[in-house]
Amino acid sequence: MDTETLLLSGLNPAQCRAVQHFCGPLLVVAGAGSGKTRALTYRLAYLLEHYRVDPEHLLAVTFTNKAAKEIKTRIEDLLVHRLAKQQGHEFTQLSGAEQNQLRSQVYQQVTRHLWMGTFHSLCSRLLRYEIEKYQDEQGRRWTKNFTILDEGDAQTLIKEIMQNDMNLDEKRFEPRQVRYTISRIKNQGKSPSHYEREESNYRGRVIAEVYSRYQQELAKNNSLDFDDLLLVPVRLFQQNEQILAYWHQKFRHIAVDEYQDTNHTQYELIRLLATNGHHPQDMAWENRSIFVVGDADQSIYRFRGADFTILLNFQNDFGDRLPDADTRTMVKLEQNYRSVANILEAANHLIRHNQERIDKVLRPSHGSGEKIITFTANDERDEADYILRQLRYLRQQNPHYSWQSFAILYRTNAQSRALEEVLVRGDIPYHVVGGLRFYDRKEIKDALAYLRLLVNPTDNISLLRVINTPKRGIGKSTLEQIAQMAEADGRSLWQVLAGTDALTQLKGKTAQSIQTFVSLIEHWQRQLDTKTAPEIIQGILTESGYRRELELAGTDEAAERLQNLQELVNAAIQYGEENDDPSLLGFLSNASLASDLDQLEEGPDKITLMTLHASKGLEFPVVFLVGLEQGLFPNFRSLNDPVALEEERRLCYVGITRAKERLFLTHATSRRLYGNRREPAMASMFLQELPPHVVQVDRGQTWVNPTKTPPNPAGGQRSAARQRWQVGDRCFHRKFGVGQITHIFGKEPRVHLGIRFESYPTPKMIDPRLVELTPLED
DNA sequence: ATACTAAAATTTTTT
DNA sequence: ATTTTAGTAT
């Protein structure tokens, strides 16, 4: 079988057209579940294998690091099979050693040369080569050891500037808001003075001032924030023709996934690389291409600067004006391979309520399936209980469902707590994606700060983080003195500490502590070229006393922290194995840019809890979409803003289209917020926007799948479960034995019983509709 | 310099 | 309700 057949078999005609695309622009409009990742992967493999493109010339931008890894692996798989065929073998029949040999050959020749990753990771990689040629409009410069500030660090820095340097009233200027505004200004490519000219009111002047000081701080710390990571390459390309020319000729074939979530800086970057600054319509596209994949209906990152009109404008931007341009520069993938027809119909019907979109429908490949179930709960606890019951029931009815088959999706991270409590109680294995990232944990940030300080001693933020962690008796007043000395002659904190003048000015004990700290750091710095990252981390943890402090604490929390630090060492080892020339710098970038989703490995069998945003690109046989309440989802901040409301609807569309077989939509009439109850909560408008004939309301009398016969967990004794219980009643439970009712929670028919069992020290909470409970006569 | 206590803020989504 | 921040006592 030749390459052509191998790579095109099993694809539909539209997918084939996308895969076979060689030069010029192509927009692939890919609805949810239409095999877009597959098309992208095969296209890249096809470029390499069929058109013989040198892997050096490919640039592929993915939305997550995980997606990049996946696509790389899949390309490797395709190429490995192909190579085996060429040598007259069937890959799967080769011995393990031979398979590994082929894999390593493909890796050495092809995949290791690919530039594939998120915008941020690709830019940080490019900047390790180029940043020393860059200077900003103030003439400030950075070195390749720059630190990447995460969102939290950026927030803290802005807050410090606002209260320490500028004495601003926090009531009038919320640091969060200011950070957000500055990020927006930066993404529009505006300097502080540029912004001030446009917004010359008081607020505008203040924000411009914070922005200006913030950039100054970043430069002083040799640091970049997430926005700079994208902006600096763009500026560099704009100010230096030769640099742009180099990268333009290197990246002859550019592919971008999730193009609808591209922001203006990212767009500019792609435009520059693809066109070398020429007008795209004057471009000669021989041996060059720009290939983007996206779906405007799944654009959900407007708050981060994403603008889906960039996708809608693609053909104007990169296409030509000839009459048949549309058919030559666009492919539509509308065949959905993921979900049953009922779910697709609901998704199609919902999204049609949006004004600002291009009409498109997803065509089903499967039968209608079960109806979508909606359920109204009393509160978030009741909602979680309902899900627990359904989980058990579905598992019991369908042996092919494992825990991995289920996902619970919600609008806000805070909603996970109530769900988790019930899942723990119900003994259901689960994991939460998002929320607190691994790299955001205190102990991990501390360890990373040590590493950052080693490679980038000008990084004051990291220095301040570690100088007194663990406690060394170097306190606030000492640091203030040092900061003043640094300020006075424009040195960094490290330069002052490492210099001789600081020690002479400070008192004996403090000076001693500082001397010890400085020697430690210098000691580790000398190891940078000889030791590996994991070795250095181990050294830091031991020699700094960090590990000992945790060991002495002896609490569960400390034990967990030690465990996490060990995980960090493991992560560094793994990074070393996965990368050709592993460097500490690379590991640090990786840590700054890793998302929680990237950590998500194929692990033990668990159900998944995550936000709707995090679920993008994933699929599950059964999806529970919870908290469908007006004000929560759609979020209250979007209720008066039609544009924001449409984004919420797209988010709902994304959620619905994650489901392959079953979809459950729940809402609660009352929900806890800030500790007090907020009610009544109206059902989400999105529920009214679903086509009624594919929806089945679950009223709770039958907690079972209403389209089938009710289950009978009590084995014909269901009437027993219907009994009205009273406090003091005695009962028998299959597992816990004889007990007595002590409490009744909730009102019929959804009650929970507090039961004290003779065999159990504390009262158990039992749902009589869920477990068999036989009444006993006194 | 650090440990403890009271108040005040938090919740939209994230590379 | 929980978690972060500011203030005070040791």
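In what follows, chains are A, B, ... by sequence order, proteins preceding strands, each numbered from 1. Predicted model, so just to flag it, every value in this text is computed and none were measured.
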Response to the item:
Sequence neighbours excluded, the answer for salt bridge (charged side-chain N to carboxylate O under 4.0 Å, His left out) partners of A/Arg650 is A/Glu647
Worksheet item: With A/Ser183, which residues qualify under side chain to side chain donor-acceptor pair (under 3.5 Å), at least two apart?
Response: A/Asp227
Discussion item. List the residues meeting side chain to side chain donor-acceptor pair (under 3.5 Å) with A/Asp225, not counting sequence neighbours, and say none if there are none.
Written reply: A/Lys186, A/Tyr214
Practice prompt. For each nucleotide in nucleotides 6-12 of chain B, reading 5' to 3', give B when a protein heavy atom comes within less than 4.0 Å of its base, S when such contact involves only the sugar-phosphate, and - otherwise.
Written response: ---SBBB
Item to complete: For A/Lys72, check side chain to side chain donor-acceptor pair (under 3.5 Å) against everything at least two apart and list the hits.
Response: none
Extract from the structure each pairing of a protein N or O with an N or O of nucleotides 8-10 of chain C at less than 3.5 Å, listing the distance.
none

Fill in: Test side-chain contact (heavy atoms from CB on, under 4.5 Å) applied to A/Thr478 - qualifying residues, sequence neighbours left out
A/Ile474, A/Ile482, A/Leu506, A/Thr510, A/Ile514
Worksheet item: For A/Tyr301, which contact category applies under a 4.0 Å heavy-atom criterion: base, sugar-phosphate, or nothing?
Response: sugar-phosphate
Practice prompt. Look at the side-chain N and O atoms of A/Lys159 and state whether any lies under 4.0 Å from the OP1 or OP2 oxygen of C/dT5.
Written response: yes
Worksheet item: When we call it a touch if two heavy atoms are under 4.0 Å apart, what does A/Glu151 touch: a base, just sugar-phosphate, or nothing?
Response: base
Discussion item. Less than 4.0 angstrom between a side-chain N/O of A/Thr64 and OP1 or OP2 of B/dT15, yes or no?
Written reply: no
Item to complete: Validate the cation-pi geometry between A/Arg184 and A/Phe303: distance from NZ or CZ to the six-membered ring centre under 6.0 Å, angle to the ring axis within 45°.
Response: no
Fill in: Watson-Crick and G-U pairing of DNA chain B, under 3.5 Å, as dot-bracket with | and [ ]
||||||||||.....
Item to complete: Applying side-chain contact (heavy atoms from CB on, under 4.5 Å), name anything that partners A/Ala486, two or more places apart in sequence or on another chain.
Response: A/Leu493, A/Val496
Worksheet item: Quick one: side chain to side chain donor-acceptor pair (under 3.5 Å) partners of A/Lys190, sequence neighbours excluded?
Response: A/Gln188, A/Glu198
Discussion item. A/Arg649: which residues meet the salt bridge (charged side-chain N to carboxylate O under 4.0 Å, His left out) condition with it, sequence neighbours left out?
Written reply: A/Glu689
Worksheet item: So, is A/Ser592 near the phosphate of B/dT15, with a side-chain N or O under 4.0 Å from OP1 or OP2?
Response: no
Worksheet item: Taking only residues two or more places apart in sequence, or in another chain, which ones meet A/Glu551 in a salt bridge (charged side-chain N to carboxylate O under 4.0 Å, His left out)?
Response: none
